[in-house]
Amino acid sequence: MGTLLRIGWTNLKRDRVAQALTFLLPIIFFSIFATVFGGQGQNPTPRIRAAVVDEDGSELSQRMIAALQKETALRVRTSAAENNDSGPPLDRPSAERLVRNGDVPVAIVIPKGLGAAFGQSGFGGGPAISLLADPSDPIAPNMVAGLLQKVTMTAAPDLMMQGGLHQFETYAGALTPQQRSAVDQWLPRLKSGEAASGPGGAMGVRVDVVDVMRTNDTRGSLISFYAAGIGVMFLLFSMVGAAGGILLDEVDSGTLERLLSTRLGMSGILMGKWLFLMLVGCAQLVVMFLWGRVAFGLPLFSHLPGFFVMTVVTAAAAGALAMVLATIARSRAQLSGFSTILILTMSALGGSMFPRFLMSEGMQRVGLITFNAWALDGYLKVFWRNAPVWQLWPQVLVLLTLTVVFLSGARLLARRWEAV
């Protein structure tokens with residue numbers, strides 16, 4: 001028994017891949033999930049990007065915007081320019097475009113007449129604030145709606161009191177001189193924030209949530225997210241397995257050496273095998289999305305041009321990544337081990353396992369270094385945002401660049417087989 005234990009321990013010490021799978025991969029996944037769902041520091045939730053349109057231009061709306069800008073949970077944008085320093089103020093159509101294009105998950109539209117009505121009727125008075133929301137992020141609208149109630153009560157308690165007094169005098173008669181004197185003493189203190197606690201449970205304004213993506217097939221479009229996320233992750237696994245079969249197995253069997261003796265050369269061999277992987281990857285994604293169409297009502301046929309473009313570039317980049325991993329590895333076991341670590345890590349960070357809007361801003365930026373994030377963003381543009389093909393250029397450019405980089409790396413690493 002002792003001898004068997006020593007043999008097992010010796011084998012584990014020699015196998016770096018087995019050590020990584022045993023100890024490193026669980027730590028990586030624990031760290032990612034703990035960071036996303038456990039929170040870090042005093043602010044566990046990511047800041048929500050929110051556009052604000054001020055159609056009212058009143059004292060109330062200006063106070064509300066100032067209070068929203070002070071909220072640490074929000075990143076408020078009031079200008080058409082992304083840096084908020086220049087450009088014209090946002091209007092409702094431009095704010096709605098920001099939500100539709102995915103630049104912000106929610107836009108706040110403060111309607112004209114809100115300040116005047118609020119000063120006359122107090123709580124719940126006047127037209128409702130419109131909250132233009134993208135339902136692909138269900139957290140943002142609810143959180144922003146709650147913050148709107150908070151900032152209304154804390155930023156304008158004097159206006160709420162004036163509105164309440166107006167209603168009181170309308171139904172109960174004018175205040176006595178002593179009452180009016182007390183009110184006049186309190187209003188400056190309320191305006192300065194000394195007593196801006198707000199009435200418990202009172203609602204400052206009415207908020208109407210408007211689904212700007214309501215013209216879409218919401219259920220089918222959400223199915224596309226899961227089809228893309230799962231499809232891309234398993235595409236990588238299948239591509240790596242196939243690349244190992246068509247490269248490493250041929251090296252072991254001597255087939256690659258015979259192919260090198262032909263006019264193809266190593267560059268031709270790699271290109272041919274990459275084209276095969278790309279075609280297999282396209283077929284795999286087509287089957288995945290066709291199953292989504294048949295079984296779950298995925299709106300595939302109404303998005304064929306964008307789907308075709310994203311499928312081709314995604315399969316091309318996945319095949320190229322598989323090729324470079326196969327040229328790095330010395331054996332099928334080594335390839336399987338470190339490719340599993342890499343693919344699962346990229347899938348967790350890139351959004352294949354859970355939506356990236358749940359992550360902090362820092363983790364979302366880190367996720368952009370992964371293959372998965374760009375592929376998923378492209379598919380979401382096609383199926384969720386109904387983006388035309390030309391708007392896919394950032395995702396297509398990145399994936400094509402990755403394809404060229406991976407193929408160049410594979411060609412460089414494959415020189416070791418030419419030297420044999």
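Positions are given from 1 along the sequence.
- The two residues T78 and I65 have their closest heavy-atom pair at CG2-CG2, 4.1 Å.
- In this structure, the separation between CG on L376 and CE on M233 is 10.5 Å, given to the nearest 0.5 Å.
- Pairing each heavy atom of D56 with each of P111, the nearest pair is CB-O, 3.2 Å.
- Distance alone, capped at 3.5 Å, is enough to place a donor-acceptor pair between the R100 side chain and the V212 backbone.
- Side-chain contact check for P105 versus I48: some heavy-atom pair is nearer than 4.5 Å.
- Closest of all the heavy-atom pairs between P127 and L114 is O-CD1, 3.3 Å.
- Taking a 6.0 Å sphere around CZ of F237, one finds it holds more than 12 heavy atoms contributed by other residues, nucleotides or ligands.
- Counting heavy atoms from C-beta on, the side chains of L148 and L68 come closer than 4.5 Å.
- L342 CG to S347 OG: the interatomic distance, rounded to the nearest 0.5 Å, is 9.0 Å.
- Looking at Q69 and V52, their side chains never come closer than 4.5 Å, going by heavy atoms from C-beta outward.
- At least one donor-acceptor pair closer than 3.5 Å links the side chain of T314 to the backbone N or O of M310.
- At a threshold of 4.5 Å between non-hydrogen side-chain atoms, the residues L98 and L90 count as touching.
- A donor-acceptor contact shorter than 3.5 Å links the side chain of W274 to the backbone of A316.
- Residue V53 comes nearest to A95 through the heavy atom pair CG2-CB, 3.5 Å, listed as atom of the first residue, atom of the second, then distance.
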message = Is there a side chain to side chain contact (heavy atoms under 4.5 Å, CB included) between Q149 and V207? Walk through the geometry before answering.
response = CA-CA 9 Å; Q149 302 298 343; V207 178; 3.7 Å; yes
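- Y379 and F383 have parallel rings, their planes meeting at less than 30° on a 0 to 90° scale where 60° marks the start of perpendicular.
- Between S61 and I110, the shortest heavy-atom contact is CB-CG2, 3.8 Å.
- Without hydrogens or angle criteria, K273 side chain to L247 main chain gives no donor-acceptor distance under 3.5 Å.
- Using a 4.5 Å cut-off on side-chain heavy atoms (C-beta onward), R415 and M266 make no contact.
- In terms of the salt bridge (charged side-chain N to carboxylate O under 4.0 Å, His left out) criterion, D54 has no residue partners (sequence neighbours excluded).
- Screening T311, L235, V287 against C282 for a side chain to side chain contact (heavy atoms under 4.5 Å, CB included) leaves a single residue, T311.
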query = When you look at N101 and R385, which way does the side chain to side chain contact (heavy atoms under 4.5 Å, CB included) test go after all the steps?
reply = CA-CA 7 Å; N101 294 336; R385 308 195 185 282; 5.5 Å; no
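- Scanning all heavy atoms of the two residues, the minimum distance from G306 to V389 falls at N-CG2, 3.9 Å.
- Between L300 and L290, some side-chain heavy-atom pair lies under the 4.5 Å cut-off.
- The side-chain heavy atoms of L321 and M346, taken from C-beta on, include a pair separated by under 4.5 Å.
- Taking CG of L349 as the reference point, atom CG of L344 lies at 11.0 Å (rounded to 0.5 Å).
- Here CD1 of I108 is found 7.5 Å from CE of M64. Values are rounded to the nearest 0.5 Å.
- For the atom pair CG (L392) and CH2 (W374), the distance works out to 12.5 Å, reported to the nearest 0.5 Å.
- Within the structure, ring-ring contact (aromatic ring centres under 6.0 Å, His included) contacts touching residues 305-324 (residues at least two apart or in different chains) are F289-F307.
- With K381 as reference, Q395 is the one residue of Q391, H303, Q395 to meet the side-chain hydrogen bond (donor to acceptor under 3.5 Å, both in side chains) rule.
- Atom CG of residue L270 and atom CG of residue L275 lie 11.0 Å apart, to the nearest 0.5 angstrom.
- Of the candidates L400, V398, V404, V405, V398 is the only one forming a side chain to side chain contact (heavy atoms under 4.5 Å, CB included) with L402.
- A donor-acceptor pair is defined here as one N or O able to donate and one able to accept, closer than 3.5 Å; such a pair exists between the side chain of T327 and the backbone of V324.
- Side chains of N372 and L236 form a contact here, defined as non-hydrogen atoms less than 4.5 Å apart.
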